[in-house]
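Report on one structure; see the data block that follows.
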There are 2 protein chains.
Amino acid sequence: MAKETKNTLRDSVYSALKAMIVTGQIPPGSRVTENDIAARLTVSRTPVREAFNRLERDGLVTGRPRQGYVVTEFDINMFREAFEIRELLDGHATELAAAAATEADKARLRAMLAECERLAAIPERTNREKFQELEVGIDLHRVIAEISGNVMLHGMLCGILDKCQHYVWTELLWLDEWKIARDEHAEIVDAICAGDASRAGTLARAHVRGSRDNVLRLLQAKSDYRNFLAKAS
Amino acid sequence: MAKETKNTLRDSVYSALKAMIVTGQIPPGSRVTENDIAARLTVSRTPVREAFNRLERDGLVTGRPRQGYVVTEFDINMFREAFEIRELLDGHATELAAAAATEADKARLRAMLAECERLAAIPERTNREKFQELEVGIDLHRVIAEISGNVMLHGMLCGILDKCQHYVWTELLWLDEWKIARDEHAEIVDAICAGDASRAGTLARAHVRGSRDNVLRLLQAKSDYRNFLAKAS
DNA sequence: ACACTCAAAATTGTATACAAAATAGCATGC
DNA sequence: GCATGCTATTTTGTATACAATTTTGAGTGT
């Protein structure tokens, strides 16, 4: 997970809070107070405040003046927007990666695929192992963006993935389209290794659209269910 | 310029600092100390620190622990990256805008074009009026992104434009391709008003590539000149 | 003249104290 | 019983004090 402990408290608090949010330990919609976090991490409020500022800029929490911070809740529309952008950025990054990947890069991607396969092959695996597979699958996209060589593109894509990761986890965990994603990842990596930028990009865009459809279908079902309950009462 | 004075000091400081950086009052590469800014704005260091945190997240300043903040300096490569992303995002946003624009939106765009024309027609205009024209030209892209309806896309594009705006200003001010940009803007707005998403997107992408070429050519010339001087000494 | 060391100054990082505002709870009136 | 208004508590916003670290510069020795 690349859990780097920086030398300043502010960075530690930022990393810790971000991890708690991304992994869903602090669920979306929950109110978070400075004193609370400061006490939990045994630091003063100052570094906590600065961490909140950065998280707000990341879009992971939203804060209104004098009303504190709330872990950002995504609605269906925000997901639609995020995936729309991801299709553009991820597609382009994958094209670039196909043109720029060194042998070491290709080996790295193949290793991540193998790790996914290994985790998928475990019989009667627990949620922990499912989470791990999802995480490696998401990291694959981060690494591809890194290989693209466009640092800004990499940063922006990571930002979007961070914002969605928790939802992707908790939602997709119950879906059974895992093998599809694995196959698509394998195809993308293949195209990159073959240096076929055009094919890699097309595959990546289709993959993002597929993920979007899965997530949106689930969220829509949830929403419909809530409406049904509301009408019934 | 949409100069909104928020109710908290932190936001005011953030806006003020951002404006100073974006307009080049604080030139790129210059070191900025907390005490300095705090004194200039007659506030304590606390809100200044928080503003810095956000600006760092925006990429407008870069800070290393215990070494303070420096206004981010863009090199040629960062511009290449930024324009590469802008081509994707701006192109897509323009496509969306062509499909989503209401009559009020179209009127707004046409008004901005007219304002550009008016500023361009002023005889013997000063730098101030040139700046204004550039600013409206950049704002046009922000507004198009807003009309697209994708809030996240709008936010990301504004972030990129903010980072580049100062450079675009100071560099392009000396170029004479203004009429080209005006004509391209007019064509884009025409396509949007006609509801021709495909054409609007294509035009927008070509326009971004054109801007990129202009900026990169200037920066390259500068860089070559510096190298020439270095070799001569 | 140059390099090196050590101390002093400046600057950031953190904690805490105080002020302002919002929320919550209670009491009062209808 | 419910709504309304006030107070009390909680929580954020800002300022300031202190600690830690980096930078600067003077001074000394070679």
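Below, chain A is the first sequence line, B the second, and so on; all start at residue 1. Just so we're clear, the structure is a prediction, and the values are computed from it rather than from any experiment. Reckoned from all heavy atoms, side chains included, excluding hydrogens, waters and symmetry mates.
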[atom1] of [X] versus [atom2] of [N]: gap in Å, rounded?
{"X": "A/L9", "N": "D/dA20", "atom1": "CG", "atom2": "P", "answer": "12 Å"}
{"X": "B/Q67", "N": "D/dT21", "atom1": "CD", "atom2": "P", "answer": "13 Å"}
{"X": "B/E50", "N": "D/dT12", "atom1": "CD", "atom2": "C1'", "answer": "10 Å"}
{"X": "A/E34", "N": "D/dT11", "atom1": "CD", "atom2": "P", "answer": "10 Å"}
{"X": "B/D11", "N": "D/dG13", "atom1": "CG", "atom2": "P", "answer": "9 Å"}
{"X": "A/R31", "N": "D/dT11", "atom1": "CZ", "atom2": "P", "answer": "7 Å"}

For A/D90, is there any backbone N or O sitting under 3.5 Å from a side-chain donor or acceptor partner on A/T94? yes

Any donor-acceptor pair under 3.5 Å from B/S15 side chain to B/D11 backbone: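 A pair under 3.5 Å: yes.
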
Just checking A/T46: base, sugar-phosphate only, or nothing, at a heavy-atom cut-off of under 4.0 Å? base

Considering every strand and a 4.0 Å limit on heavy-atom distances, what is the contact class for A/R10: base, sugar-phosphate, or nothing? sugar-phosphate

My understanding is that only residues two or more places apart in sequence, or in another chain, count here; which of them pass side chain to side chain contact (heavy atoms under 4.5 Å, CB included) with A/E146?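 Only A/R108, A/H154 meet the side chain to side chain contact (heavy atoms under 4.5 Å, CB included) criterion with A/E146.
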
First contact, last contact: which nucleotides of DNA chain C are these for chain B, 5' to 3', heavy-atom distance under 4.0 Å? C/dT12 to C/dT14

Walking DNA chain C from its 5' end, the first of A/T42 and A/P65 to be reached, judged by nearest nucleotide, is A/T42

Listed pairs under 3.5 Å, donor-acceptor, residues 73-82 of chain B side chains, sequence neighbours left out:
unit_1, atom_1, unit_2, atom_2, d
B/D75, OD1, B/N77, N, 3.3
B/D75, OD1, B/M78, N, 2.9
B/E81, OE1, A/V151, N, 3.2
B/E81, OE1, A/M152, N, 2.9
B/E81, OE2, A/V151, N, 3.0

